[in-house]
Participant: 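Have a look at the structure that comes next, please.
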Amino acid sequence: AKEPVRVLVTGAAGQIGYALVPMIARGVMLGPDQPVILHMLDIPPAAEALNGVKMELIDAAFPLLKGVVATTDVVEACTGVNIAVMVGGFPRKEGMERKDVMSKNVSIYKAQASALEKHAAANCKVLVVANPANTNALILKEFAPSIPEKNITCLTRLDHNRALGQVSERLNVQVSDVKNVIIWGNHSSSQYPDVNHATVKTPSGEKPVRELVKDDAWLNGEFITTVQQRGAAIIKARKLSSALSAASSACDHIRDWVLGTPEGTWVSMGVYSDGSYNVPAGLIYSFPVNCRNGEWTIVQELGIDAFSRKKLDATAAELSEEKALAYSCLS
Ligand code: NAI
């Protein structure tokens, strides 16, 4: 039998946490033959709720779940973890300035970076979900210098999956037959959902999405804004943020990272930029990636037309500005 993998979920008493921990315990994240031990962290005001989640995990009698640590102590939470899914954070409240939210989150991620660096298992893989996801991940990377930068990522897979979903709805095809959309940049409304390399499996072979949709105005307009603003549309409808789809996409992100992407398929991940596609190095930016042997690599040499170039640059500019704001909060 396989050794259990320890998976940390921060903010585990929150909405995404509540959707995510049962998926992990059922094997959705790491596969149906991989036992797991869940480490759940939240803050003292949520301690009782967190304990309730632990009770439910016990009650669900998941065969793969070999243990549950539920704690408000960040060191206990981080000790020995192989995978860390960082969902905990400070939400933006009515009347708060962007800088105030940034400041709260940056100090959380700075502190948790140190705890992970000191106490997590060697080669721990980190996924930041909490917003501002890219910049929180960047701060985590900067304050955990001994964790390889390749191990620190943020979630844009939800946006990627939303883009697949929009194409599938529009063409009335199965979502599993659509692939290779790309989310470039920030997990914010400046992100660029790009279909220029996306394809659909049809009875007569793989066809470019652009050829099938035949409506560039939609692809260059409403498609992009729908994906960019889907989070807000869900909040409006549900009065709560998108927890089910965020949790499911977080599982997709880790599963593909650990177990690999299928041949000929890429996914979007927020990763540390090495300057590929002339994106400034030193930002956490969403790129198309392939995963093999537990490592991602940025897909190279995709054509970028003038329309796309502007959008790649605009979302990079927003991330540079967020980075500067984050640093101004720390000094
Ligand atoms: P939520 O407010 O229901 O849960 C957040 C949890 O984090 C709460 O239980 C809170 O007590 C906890 N928390 C706060 N500070 C903490 C700390 N220092 N350490 C540990 N836990 C802490 O929020 P929800 O809906 O679960 O969303 C979580 C985050 O994910 C938000 O920042 C949200 O904006 C973000 N998000 C990101 C998405 C993405 O695609 N990257 C998609 C959807 C949401």
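Numbers for residues simply follow the sequence, beginning at 1. Counting convention: from 1, in listed order, for ligands and their atoms alike.
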Participant: Does any N or O atom in S241 lie less than 3.5 angstrom from one in ligand 1, N or O only?
Facilitator: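 Indeed, backbone or side chain, S241 has an N or O that close.
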Participant: Under 4.0 Å, heavy atoms only, figure out whether ligand 1 is touched by the backbone of Q15, its side chain, both or neither.
Facilitator: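 The answer is both.
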Participant: Within the supplied structure, the quantity of interest is the number of heavy atoms (other residues, nucleotides, ligands) at a distance under 6.0 Å from E169 CD; does it exceed 12?
Facilitator: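 No, because the 6.0 Å sphere around CD of E169 holds 12 heavy atoms or fewer from other groups.
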Participant: Could K104 and D100 be called an ion pair, given the rule that one side-chain N must be under 4.0 Å from one carboxylate O?
Facilitator: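 Answer for the salt bridge query: no.
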Participant: Identify which of I235, N131, L155, T72 has a heavy atom lying nearest to atom 33 (C) of ligand 1.
Facilitator: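 Closest candidate by heavy-atom distance is N131.
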Participant: A side-chain contact here means heavy atoms from C-beta on lying under 4.5 Å apart; do L283 and N134 qualify?
Facilitator: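 Side-chain contact under 4.5 Å: no.
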Participant: Is atom 23 (O) of ligand 1 less than 4.0 angstrom from at least one protein heavy atom?
Facilitator: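 For atom 23 (O) of ligand 1 the answer is no, since every protein heavy atom stays at 4.0 Å or beyond.
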Participant: Does V69 belong to the same Ile/Leu/Val/Met/Phe/Trp/Tyr cluster as V36, with side-chain heavy atoms less than 4.5 Å apart forming each link?
Facilitator: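 V69 and V36: separate clusters.
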Participant: With a heavy-atom distance limit of 4.0 Å, tell me whether V129 approaches ligand 1 through its side chain, its backbone, both, or neither.
Facilitator: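 Both backbone and side chain of V129 come within 4.0 Å of ligand 1.
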Participant: When you compare the side chain of I284 with that of T135, does any pair of heavy atoms fall below 4.5 Å?
Facilitator: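 Contact flag for T135/I284 side chains = no.
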Participant: What atoms of ligand 1 come closer than 4.0 angstrom to any heavy atom of G11?
Facilitator: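 Contacts of ligand 1 toward G11, numbered from 1: 6 (C), 7 (O), 12 (C), 20 (C), 21 (N).
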Participant: May I ask you to check if K311 and F307 form a cation-pi contact, with NZ or CZ under 6.0 angstrom from the six-membered ring centre and within 45° of the axis?
Facilitator: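 Positive - K311 is close enough to the ring of F307 and near enough to its axis.
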Participant: Below 4.0 angstrom from a heavy atom of I43, which ligand 1 atoms are there? Numbered from 1 as shown, please.
Facilitator: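 Those qualifying, in numeric order: 11 (O), 14 (C), 15 (N), 16 (C), 17 (C), 18 (N), 19 (N), 22 (C).
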Participant: Compare H187, R230, R157, K104 and give the one whose heavy atom is closest to atom 38 (C) of ligand 1.
Facilitator: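 Ranked by closest heavy atom to atom 38 (C) of ligand 1, first place is H187.
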Participant: Taking 4.0 angstrom as the limit and counting only heavy atoms of A130, give me the atoms of ligand 1 inside it, by number and element.
Facilitator: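 Close to A130: 29 (C), 30 (O), 32 (O), 35 (C).
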Participant: Would P91 count as a contact residue for ligand 1, given that I'm defining contact as a non-hydrogen atom of the residue lying under 4.0 Å from a ligand atom?
Facilitator: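 The answer is no: ligand 1 sits nowhere under 4.0 Å from a heavy atom of P91.
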Participant: Report whether V5 and V87 are members of the same hydrophobic cluster (ILVMFWY, side-chain heavy atoms less than 4.5 Å apart, transitive linking).
Facilitator: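 Same hydrophobic cluster.
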Participant: Touching ligand 1 at all, G89? Heavy atoms, strictly under 4.0 Å?
Facilitator: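 Distance cut 4.0 Å: G89 passes for ligand 1.
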Participant: Starting from atom 12 (C) of ligand 1, locate the nearest protein heavy atom and write down its residue, its atom name and how far away it is, to 0.1 Å.
Facilitator: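 For this ligand atom, the closest protein heavy atom is D42 OD1, 3.2 Å.
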Participant: Measuring from the heavy atoms of Q112, does anything fall under 4.0 Å of ligand 1?
Facilitator: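 The answer is yes: ligand 1 sits under 4.0 Å from a heavy atom of Q112.
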Participant: Once the angle between the rings of F223 and W218 is folded into 0 to 90°, is it parallel (under 30°), tilted (30 to 60°) or perpendicular (over 60°)?
Facilitator: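 Taking W218 first and then F223, their aromatic rings sit tilted (interplane angle of 30° to 60°).
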Participant: Could you tell me whether D252 and R255 have a side-chain N and a carboxylate O separated by less than 4.0 Å?
Facilitator: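 So D252 pairs with R255 through a salt bridge.
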Participant: Protein heavy atoms near atom 36 (N) of ligand 1, is at least one of them under 4.0 angstrom away?
Facilitator: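 Yes, there is a protein heavy atom closer to it than 4.0 Å.
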Participant: Parallel, tilted or perpendicular for Y285 and F287, by the 30°/60° rule?
Facilitator: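 Y285 vs F287 ring planes: tilted.
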Participant: Out of all atoms in ligand 1, which are within 4.0 Å of some heavy atom of A13? Include the element for each.
Facilitator: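 So the answer, numbered in order with elements, is 9 (O).
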Participant: What are the atoms of ligand 1, with element, lying closer than 4.0 Å to any heavy atom of L158?
Facilitator: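 Those of ligand 1 that fall under 4.0 Å from L158 are 40 (O), 42 (C).
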Participant: With clusters defined by side-chain heavy atoms of hydrophobic residues (ILVMFWY) lying less than 4.5 Å apart, directly or transitively, does V271 cluster with V267?
Facilitator: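 The answer is yes; both residues are in one hydrophobic cluster.
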Participant: What atoms of ligand 1 come closer than 4.0 angstrom to any heavy atom of V87?
Facilitator: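 The atoms of ligand 1 under 4.0 Å from a heavy atom of V87 are 28 (C), 29 (C).
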Participant: For a side chain to side chain contact (heavy atoms under 4.5 Å, CB included) with L8, tell me which candidate from M86, M40, Q112 qualifies.
Facilitator: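 When side chain to side chain contact (heavy atoms under 4.5 Å, CB included) is applied between L8 and each of M86, M40, Q112, only M86 qualifies.
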Participant: Ligand 1 versus I16, non-hydrogen atoms closer than 4.0 Å: side chain, backbone, both, neither?
Facilitator: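 Both parts.
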Participant: Same hydrophobic cluster for I182 and L164, using side-chain heavy-atom links shorter than 4.5 Å among ILVMFWY?
Facilitator: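 The answer is yes; both residues are in one hydrophobic cluster.
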Participant: Give the residue, atom name and distance (to 0.1 Å) of the protein heavy atom nearest atom 18 (N) of ligand 1.
Facilitator: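 The closest heavy atom on the protein side is I108 CG2, 3.5 Å.
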Participant: For ligand 1, is there an N or O atom under 3.5 Å from any N or O atom of S242?
Facilitator: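 No: no nitrogen or oxygen of S242 is under 3.5 Å from one in ligand 1.
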Participant: Can you check whether D159 has an N/O within less than 3.5 Å of an N/O in ligand 1?
Facilitator: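 So ligand 1 has no N or O lying under 3.5 Å from an N or O of D159.
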Participant: Is any N or O atom of G14, backbone or side chain, closer than 3.5 Å to an N or O atom of ligand 1?
Facilitator: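 Yes; the residue has a nitrogen or oxygen that sits under 3.5 Å from a nitrogen or oxygen of the ligand.
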Participant: Flag yes if V195 and V213 sit in one hydrophobic cluster, no otherwise; membership is Ile, Leu, Val, Met, Phe, Trp, Tyr, and two members link when side-chain heavy atoms are under 4.5 Å apart.
Facilitator: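 Both belong to a single hydrophobic cluster.
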Participant: Any N or O on A46 sitting closer than 3.5 Å to an N or O of ligand 1?
Facilitator: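 Checking ligand 1 against A46, no N or O pair falls under 3.5 Å apart.
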